[in-house]
Participant: 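Below is one structure. I have some questions about it.
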Amino acid sequence: IEFPGQPAITCEDLQAQGDTGFITNGQCDRLPGLVNRVCGCNPPCSVCGDGKEVDFPVAVISFPGQPAVTCGDLQTNGYIGIIPAGQCERLPDLIDEVCGCDPRTPDPTPNPTRAPVPNPNPNSTPSPTPAPICTPTGKKGGYGGKKGGYGNGCQIGYGGKKGGYG
């Protein structure tokens with residue numbers, strides 16, 4: 001492995017320096033993300049389980065003895081191998097409630113609604129509906145029957161063959 005400004009070092013030698021305390025805690029915390037792909041220290045893992053991702057990446061979770069971390073950062077740490085495999089396997093059950101690892105049911109789609117149309121003249125009174133216009137019907141006009149009349153629903157018809165109300 002090569003680090004800027006440092007001589008190349010093998011993964012085994014880097015591990016030995018870490019075990020003996022030669023590497024400071026601050027440096028040691030950053031190393032897994034830098035060396036994992038080369039050294040294969042921890043395999044990449046999904047903190048929510050295979051094929052799942054956190055639903056709430058900005059939610060914050062904390063574990064005893066560890067600093068609080070966002071679910072998104074925890075997921076990134078898993079993907080780059082900072083989290084040891086044995087710990088990563090236990091994480092889905094521990095973080096599900098906060099990070100949302102279960103497939104979520106999507107929110108229901110609301111029924112479409114039309115926007116209210118404002119009344120252009122809020123102080124005006126609507127005009128009354130006009131009465132129907134009655135027109136004479138029948139063969140020759142008049143009051144119904146064979147000779148015609150007003151049997152069109154405007155008033156009671158005066159009809160029959162020789163007249164009368166019908």
Side-chain angles (χ1 to χ4, degrees), residues 1-135 152-156:
I1 300 172
E2 293 184 19
F3 297 103
Q6 300 292 322
I9 188 171
T10 67
C11 294
E12 292 81 17
D13 287 344
L14 185 63
Q15 181 66 46
Q17 288 183 7
D19 290 342
T20 60
F22 184 72
I23 301 172
T24 66
N25 285 342
Q27 291 173 325
C28 198
D29 289 342
R30 292 183 302 214
L31 284 177
L34 299 172
V35 301
N36 187 56
R37 290 193 179 137
V38 176
C39 296
C41 305
N42 296 315
C45 73
S46 171
V47 295
C48 281
D50 291 337
K52 296 181 183 177
E53 292 185 350
V54 297
D55 291 321
F56 311 115
V58 296
V60 176
I61 192 161
S62 60
F63 301 99
Q66 298 290 322
V69 64
T70 66
C71 295
D73 286 346
L74 184 65
Q75 178 172 266
T76 299
N77 291 344
Y79 286 152
I80 62 174
I82 291 177
I83 303 170
Q87 290 178 8
C88 200
E89 291 169 2
R90 294 191 307 260
L91 283 176
D93 292 334
L94 298 173
I95 68 168
D96 182 32
E97 188 174 323
V98 175
C99 296
C101 292
D102 289 332
R104 294 187 320 160
T105 303
D107 294 334
T109 303
N111 291 331
T113 57
R114 294 183 186 196
V117 178
N119 184 351
N121 299 317
N123 296 327
S124 69
T125 304
S127 302
T129 304
I133 299 173
C134 298
T135 56
N152 63 3
C154 294
Q155 62 187 29
I156 296 176

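As the structure is a computational prediction, the values presented were derived from the model and not from experiment.
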Participant: Is any side-chain heavy atom of Val47 less than 4.5 Å from a side-chain heavy atom of Cys88?
Facilitator: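 With C-beta onward as the side chain, the pair touches.
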Participant: Could you tell me the separation between the CG atom of Asp19 and the CD atom of Gln15, rounded to the nearest 0.5 Å?
Facilitator: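 So the gap between those two atoms works out to 4.5 Å.
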Participant: Step by step, work out the side chain to side chain donor-acceptor pair (under 3.5 Å) result for Asp13 and Gln17.
Facilitator: CA-CA 6 Å; Asp13 287 344; Gln17 288 183 7; over 6 Å; no
Participant: Could you report the tightest heavy-atom contact between Val54 and Cys48, atom names first, then the distance?
Facilitator: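 Closest approach of Val54 to Cys48: CG1-SG, 3.5 Å.
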Participant: Can you confirm whether Phe63 is buried at CZ, in the sense that more than 12 heavy atoms of other residues, nucleotides or ligands lie under 6.0 Å from that atom?
Facilitator: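 Atom CZ in Phe63 is crowded, with more than 12 foreign heavy atoms closer than 6.0 Å.
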Participant: Test your reading of the model: is there a side-chain donor-acceptor pair from Ser46 to the backbone of Gly51, 3.5 Å cut-off?
Facilitator: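 No.
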Participant: Could you tell me which non-hydrogen atom of Asp96 sits nearest to which non-hydrogen atom of Cys101, and how far apart they are?
Facilitator: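 Taking Asp96 first and Cys101 second, the nearest heavy atoms are OD1-N, 2.9 Å.
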Participant: Specify the closest pair of heavy atoms between Leu94 and Ile61, including all atoms of both residues, with the distance to one decimal.
Facilitator: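 Scanning both residues, the minimum pair turns out to be O-CD1, 4.1 Å.
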Participant: Can you name the closest pair of heavy atoms from Glu89 and Pro92 and give their distance?
Facilitator: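 Closest approach of Glu89 to Pro92, heavy atoms only: O-CD, 3.5 Å.
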Participant: Heavy atoms only: give me the nearest Ile95-Leu74 pair and the separation to one decimal.
Facilitator: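 Where Ile95 meets Leu74 most closely, the heavy atoms are CG2-CD2, 3.9 Å.
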Participant: So, for Cys71 and Phe56, which heavy atoms are closest and what is the spacing to 0.1 Å?
Facilitator: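 Scanning both residues completely, I find the closest heavy atoms to be CB-O, 3.3 Å.
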